[in-house]
Amino acid sequence: MQALTRRGLLVGIGAAGGAGAMYAAMGALGLAPSEQDKAYTPPQKSDFHLTGKGAAKVVILGAGVAGLIAAYELGKAGYDCTLLEASDRAGGRNRTLRGGDRLAEMNGPTQEVRFGDGVYFNAGPGRIAQWMVTLDYCRELGVPIEPFINNNAQAYVNTHGQTVRARAARADMYGYIAELLAKATNAGRLDRRLTRDDRERLLEFLRRFGDLGPKLDYEGSTRRGFMKYPTTDGGTPVAPPGTLQQVLAAGTGRAITNDFGYDQATPMFQPVGGMDAIVTRLKQAVGEDRIRTGVKVNKITNLPDGVQVTWDGGEFKADYCIATLPPHVLARVPHNLGAAVTSALRTPVPVAAGKIGLEYGRRWWELEDRIYGGITETDLDITHIWYPSYGFHSERGLIVGYYTSEKEAELYGALTPEDRRRRALTQGRKIHGDKYGRDLQSSVSIAWDRQEHIQGGWVRWPAFDSSFTLLQRPSGRVYLAGDWLTHLIAWQAGAMESARSAVTQLHQRVLQSA
Ligand code: PHE
């Protein structure tokens, strides 16, 4: 008998189980991206052809990304959707600020945005990973994208009061780790785990990983960069690395592993011209007339044959409801969904998050620091400085002077906008020097926990427990959606996947209902 080849196996599986089974098997063999094969099928008008049923009327609470995607997907099958939005704009946390905008804050002053033409600040989401469904919507909606630079060797790492280029921080940590491991290996300390061949292979890798010398010492590396880069002469290297102890004590760990995760790996992407291009196109696709702003629902009632929502001065009845408010906000809206729902809604903990946009009249980070996009990581309370991935070499530019969450976000959020700016500038000067305070044109800061109808950057579930799964299913005729109902919290992709899940469940039910 002929040996079973992979191809033969796949042909067999394809014949027996169809293309889907074959593709799944290819995934198992590492030949296809199996994580992508859980296909989503949008509801379509033709789904109703043989059923004698029609699309239902749906009221969607909240016109953020989850609400807009739900309306957009249901709209494909002709559902009659109405979005009720408490604030005066659609988009939720997807918010891009430009000159002329006003940013209100609970118990705080309203900030006027004074940026010049072409300058924008993504106050909410700012980066998209390649595998995220967000990019599929950009493609489908015709939102052009460009790279978002999430990792730049030329940016800085600032920890314990010391600033080095990211490339130097990495070279030193990798170098010393490689040296330690190589020497332990060579001294036979790992012989219980390694064969002679393993040892050779590991050493071969570690020499490359750490740029080790002939005696397996890390003695610095051109990877660390130069004061003056090699040109007609050999250049001037930066000062040599500290000792192993000094490098460990610098604590650069978080900073140099920031993009190791599957959700932060480079390259990432952003819509050209601002993240809110996604909202703009969704609004157009859904129909602006379906979005009613300034409607703050104060009661949700499941009825035997529909759902009734009321607000101060109005009410609306529909066959189904999709509520996309943050759980801690929804928990305060009276409803008859039951005590288990109320208590489940109170389980996720809101997390504060904030950002400041600093607009400069001069792109000093490009001109003087030669930093084109990317992020400086720091253990200062500003946590990160983002350099813009757009508008290179133009006159003005905007950097994100802090992007904080949890304690640091609460700290900045409690300050006035002027004090936030002052503090952000004081911190930034520690990294960039006095130029950080010069040529500043304007600034705007957002504290998401102080945005009236949102009241948090995102949430944290103490555990993805039965409360989480309970809320992923409808309560009567009320479905819930939002990033907080997925494992993609604090990503638009989470809001989108959750909306798809609610839409799929709702549509199945409508098709099957008597
Ligand atoms: N999506 C947000 C960001 O990229 C928040 C986040 C950070 C979520 C890290 C998960 C991991 O900044």
Side-chain angles (χ1 to χ4, degrees), residues 64-66 69 91-97 121-135 137-138 145-152 155 253-271 274-276 278-279 326-327 348-357 373-379 381-390 398-410 412-413 445-449 451 454-462 464 468 482-499:
V65 173
I69 292 288
R93 281 166 288 166
N94 177 327
R95 182 152 194 190
T96 303
L97 295 170
F121 169 38
N122 286 331
R127 51 187 164 192
I128 307 168
Q130 291 166 89
W131 53 269
M132 288 179 172
V133 71
T134 317
L135 289 189
Y137 280 110
C138 288
I145 59 166
E146 64 193 359
F148 173 93
I149 299 163
N150 205 35
N151 176 349
N152 184 347
R254 183 188 64 80
I256 65 172
T257 55
N258 203 48
D259 66 328
F260 281 15
Y262 63 94
D263 54 351
Q264 294 287 345
T266 189
M268 296 184 83
F269 289 85
Q270 64 182 11
M275 191 59 84
D276 65 350
I278 295 174
V279 175
V349 183
V351 174
K355 282 184 179 178
I356 191 166
I375 300 174
T376 282
E377 300 293 347
T378 174
D379 58 9
D381 56 31
I382 54 175
T383 322
H384 322 268
I385 297 174
W386 285 19
Y387 311 95
S389 293
Y390 72 97
L398 179 139
I399 70 175
V400 176
Y402 64 72
Y403 166 26
T404 50
S405 62
E406 311 262 0
K407 290 273 163 300
E408 288 78 12
E410 286 164 25
Y412 276 96
S445 55
I446 192 158
W448 282 104
D449 40 310
Q451 286 297 298
I454 299 176
Q455 299 187 22
W458 51 78
V459 303
R460 176 171 16 90
W461 285 88
F464 289 103
F468 178 75
D483 64 305
W484 55 279
L485 282 170
T486 71
H487 292 265
L488 290 171
I489 287 173
W491 295 103
Q492 294 179 95
M496 292 165 168
E497 298 281 3
S498 173

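We count ligands from 1, going down the list as the structure has it; atoms in each ligand are counted the same way.
- Nearest heavy atoms, Pro326 versus Trp484: CA-NE1, 4.2 Å.
- Using cut-offs of 30° and 60° for the angle between ring planes, the Phe468 and His487 rings count as perpendicular.
- Not a single N or O atom of Asp263, backbone or side chain, sits closer than 3.5 Å to an N or O atom of ligand 1.
- The N/O atoms of Ala490, backbone and side chain alike, include one that comes under 3.5 Å of an N/O atom in ligand 1.
- Residues Asn152 and Gly374 share a closest heavy-atom pair of CB-CA, 3.8 Å.
- Protein heavy atom nearest atom 7 (C) of ligand 1, with residue, atom name and distance: Gln264 NE2, 3.6 Å.
- At least one N or O atom of Arg127, backbone or side chain, sits closer than 3.5 Å to an N or O atom of ligand 1.
- Between Trp458 and ligand 1, no pair of N/O atoms sits closer than 3.5 Å.
- Between Glu377 and Asn258, the closest heavy-atom pair is OE2-ND2, 2.9 Å.
- Applying the salt bridge (charged side-chain N to carboxylate O under 4.0 Å, His left out) criterion to Glu410, with sequence neighbours excluded, gives no partner residue.
- When only non-hydrogen protein atoms are considered, atom 8 (C) of ligand 1 lies nearest to Trp491 NE1, 3.5 Å.
- Atoms of ligand 1 found under 4.0 Å from any heavy atom of Tyr403 (numbered from 1 in listed order, with element): 2 (C), 3 (C), 5 (C), 12 (O).
- The two residues Ile356 and Ser445 have their closest heavy-atom pair at CG1-CB, 3.8 Å.
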